[in-house]
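Below is one structure, written out as structure tokens, with a few remarks after it.
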Amino acid sequence: MKKLLRSADFAGDSQTVARTLIGAVLLIDGVGGRIVETEAYDRADPASHSFAGPTARNQSMFGPPGRAYVYRSYGIHWCLNFVCREEGHGAGVLIRAIEPLEGLDAMRRRRGVDDPRLLCSGPGRLGQALAITHDLNGRRLDQPPFQVHAADAAYETVAGPRIGISKATELHWRFGLAGSRFLSRPFSRGRTPD
DNA sequence: CGAACGATTAGCT
DNA sequence: GCTAATCGTTCGA
């Protein structure tokens, strides 16, 4: 039924990929759910880890599209990105929240909470619930343990400013599933710019 | 080599 | 709403 996304599906620019990923289903070792919130980052983007060029940390952002870029946030959390565009460019999509669908018990055990809305609503929480660590950095998204299914319907998306950054706040490169209760934070009501 | 700073979260006021 | 926790990465001296 559902189409599995392959490397070529991540060849677009990060904004397009980020919006297209809303409604897709991400599983890691069979645990995961529907992507409801993403953020786009690009080489020509002061808020992006890739802005200053390749470094030891961000090297997978400059690798082939369709792979994972995993980084440590605030020395505490593991956050997951999908590399997109083309090899050498340095573009990616941060996966910020999913609606838990599969492996709820494993997620609850890893997170230590019961409320489904607190399992994967935020990049750090999602990383913990899906047991993401640095050993997934650079791994192909179309091979185990990853499984990314294309959205099975036309989901209505909303856009707004990205969260937790201090530069390029005027760009509305955060995307969400309209009306989802599993967002890390609500989107301001009204319009859907960009 | 030292220092500042996060693509965050949880807990308390 | 405000802040501590916590440490790898990055940049300047």
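In the text below, chain A, chain B and the rest are named by the order of the sequence lines, each starting its count at 1.
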Between [X] and [Y], does any side-chain N to carboxylate O distance fall below 4.0 Å?
X       : Y       : answer
D42(A)  : R85(A)  : yes
R96(A)  : E39(A)  : yes
R140(A) : D142(A) : yes

What is the separation between atom [atom1] on [X] and atom [atom2] on [N], rounded to the nearest whole Å?
X       : N       : atom1 : atom2 : result
L94(A)  : dT8(B)  : CG    : C1'   : 11 Å
N137(A) : dT9(C)  : CG    : C1'   : 14 Å
L126(A) : dT9(B)  : CG    : P     : 9 Å
L118(A) : dT9(B)  : CG    : P     : 11 Å
K167(A) : dT10(C) : NZ    : P     : 12 Å
R174(A) : dT8(B)  : CZ    : P     : 11 Å
W78(A)  : dG8(C)  : CH2   : C1'   : 9 Å
Q128(A) : dA10(B) : CD    : C1'   : 11 Å

Indicate whether OP1 or OP2 belonging to [N] is found under 4.0 Å from a side-chain N or O atom of [X].
X       : N       : value
H49(A)  : dA7(B)  : yes
R185(A) : dT8(B)  : no
R111(A) : dA10(B) : yes
R57(A)  : dG8(C)  : no

Does [X] reach a base, just sugar-phosphate, or nothing at all? Heavy atoms under 4.0 Å.
X      : result
T55(A) : sugar-phosphate
I76(A) : base
R72(A) : nothing

Before giving the answer on side chain to side chain contact (heavy atoms under 4.5 Å, CB included), spell out for H49(A) and R57(A) the whole-Å C-alpha distance, their side-chain angles and the decisive distance to 0.1 Å. CA-CA 9 Å; H49(A) 288 170; R57(A) 171 175 68 156; 3.6 Å; yes
Measure the distance between the ring centre of Y41(A) and the centre of the six-membered base ring of dA7(B), then answer whether it is under 5.5 Å with planes under 30°.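 Given the distance and angle limits, yes, they stack.
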Would you mind pulling out the nucleotide paired to dG11(B), Watson-Crick or G-U wobble, both distances under 3.5 Å?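 Looking at the geometry, dG11(B) pairs with dC2(C).
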Between dT6(C) and dG2(B), how far is it from one P atom to the other, in whole Å? 22 Å
With a 3.5 Å cut-off and heavy atoms only, can you find an N or O donor on one side and an acceptor on the other between the side chain of Y74(A) and the base of dA5(C)? no
Looking at F187(A), does the NZ or CZ of R174(A) lie under 6.0 angstrom from its six-membered ring centre and within 45 degrees of the ring axis?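 Yes - R174(A) lies over the ring of F187(A), closer than 6.0 Å to its centre and within 45° of its axis.
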If you draw the axis of the six-membered ring of Y155(A), does the NZ or CZ of R34(A) fall within 45° of it and under 6.0 Å from the ring centre?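 No - R34(A) does not lie over the ring of Y155(A) by the 6.0 Å and 45° rule.
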Reading DNA chain C from 5' onward, which residue's closest nucleotide shows up sooner: H77(A) or H134(A)?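 Its nucleotide being nearer the 5' end, the pick is H77(A).
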A52(A) side chain: which of dA10(B), dC11(C), dG6(B) is closest?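 So the nucleotide nearest the side chain must be dC11(C).
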Nearest-neighbour nucleotide for the R125(A) side chain, dG6(B), dT9(B), dA7(B) considered: dT9(B)
